[in-house]
Amino acid sequence: MHDRRPDLAPDADLSRGEMEALQREIGTLATFEDDFAFDPDALSNPLASTADGGKPPVVVGVDQSFLTNDAGDQDRALSAVVATRGGEVIERVHAVTPLEIPYIPGLLSFREGAPILAALENLSVDPDLCLFDGSGRIHFRQAGIATHMGVVRDVPSIGVAKSLLCGMPREDTDDRPTGTKIPIESNARVDAPDGTVLGYAVQTRQYDSPNRSINPLYVSPGHRVGPETAADIALALASSYKLPDPVRLADKYADEAKTSLGK
DNA sequence: GCGACAG
DNA sequence: ATCTTGTCGC
């Protein structure tokens, strides 16, 4: 119900080499294919009854904001968690932990993982699926923050990033219509055979007029979800905005909780 | 040395 | 991530 692999939790005291080694291990322990109990169709059809007549799955969104001390330095990270079921918010929790290391591309989970795990511990409901702001398998060592958190908790997880960390789109992603999914393949910068589908560029929303254009989201498996399913779930959960609802709600809550704490 | 680089 | 008003377009 909590951390299934606390031994794999991000430790900011590790050396950079040790962090990267841990990520390689997590990459091999992660499952990049569907392995969950809920019915993914129950997400896009929240009002429809599930196969067993039970409640829709609990989908959680996670996002972070940062707090500044009196000296003007960012010294704490705030992780906000919003739990939804059938499109309704059923619980919101957050946690604040001190920042231990700076932002380093590829090592995000060692900077933001502690508050995330702390916030998830505060949740009374048990998540069926967690969506994170950042990459999952689209990562140099196939262990982005969504994968790291997913493996530690052993919960199905998906990474939703607004920009691409690594890998190469199979084709041009500009100005695509809503619903477009373009595979992101591994290249030399990624510890995976070239051509491996790491995730998808997903166009969750797009304008009608050619004047302006919305950039795609980069969706990748965290743990126990395949790339295709991850992309479809992101699309299904983006009901009104570019970001899937749980992530957008967590984004907003992270800001609200930060403000309510006096910045 | 040069370029790339989630949040 | 964060600093931030107006402004373009529907």
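Side chains included, hydrogens not; waters and symmetry mates left out as well; all remaining heavy atoms used. Within every chain, numbering begins at 1; the chains are lettered A, B, ... in the order of the sequence lines, protein sequences first and strands thereafter. Treat the numbers as computed from the prediction; the structure is a model and nothing was measured.
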Original post:
Can Tyr103(A) be called stacked on dG7(B) when the rule is centres closer than 5.5 Å and an angle between planes below 30°?
Top reply: yes
Can you tell me if [X] touches the phosphate of [N], counting only side-chain N or O atoms and a distance under 4.0 Å to OP1 or OP2?
{"X": "Lys258(A)", "N": "dA1(C)", "result": "no"}
{"X": "Lys162(A)", "N": "dG7(B)", "result": "yes"}
{"X": "Asn211(A)", "N": "dC8(C)", "result": "no"}
{"X": "Ser163(A)", "N": "dG7(B)", "result": "yes"}

Subject >> Which nucleotide in dC5(B), dA6(B), dG7(B) has an atom nearest any side-chain atom of Arg189(A) >> reply: dC5(B)
Looking across every strand, which nucleic acid part, if any, lies under 4.0 Å from [X] by heavy atom: base, sugar-phosphate, or nothing?
{"X": "Ile145(A)", "answer": "base"}
{"X": "Gly106(A)", "answer": "base"}
{"X": "Ser65(A)", "answer": "sugar-phosphate"}
{"X": "Leu107(A)", "answer": "base"}

Original post:
Should the pair Arg212(A) and Tyr207(A) be classed as cation-pi, given the thresholds of under 6.0 Å to the six-membered ring centre and 45° from the axis?
Top reply: yes
Original post:
Does a side-chain heavy-atom distance below 4.5 Å link Asn69(A) with Leu67(A)?
Top reply: no
Original post:
Do Tyr253(A) and His94(A) touch side chain to side chain, with heavy atoms closer than 4.5 Å?
Top reply: yes
Subject >> From Asp251(A) atom CG to Ser65(A) atom OG, the distance as rounded to the nearest 0.5 Å >> reply: 9.0 Å
**OP:** Using heavy atoms to find the nearest nucleotide of DNA chain C for Asp255(A) and Ser209(A) separately, return the residue whose nucleotide is more 5′.
**Re:** Asp255(A)
Original post:
Ile145(A), Leu107(A): one ILVMFWY side-chain cluster at the under-4.5 Å cut-off?
Top reply: yes
Nearest whole Å is fine: how far is [N] [atom2] from [X] [atom1]?
{"X": "Glu100(A)", "N": "dG7(B)", "atom1": "CD", "atom2": "P", "value": "22 Å"}
{"X": "Ile138(A)", "N": "dA6(B)", "atom1": "CD1", "atom2": "P", "value": "12 Å"}
{"X": "Arg212(A)", "N": "dC10(C)", "atom1": "CZ", "atom2": "P", "value": "8 Å"}
{"X": "Leu78(A)", "N": "dT2(C)", "atom1": "CG", "atom2": "C1'", "value": "14 Å"}

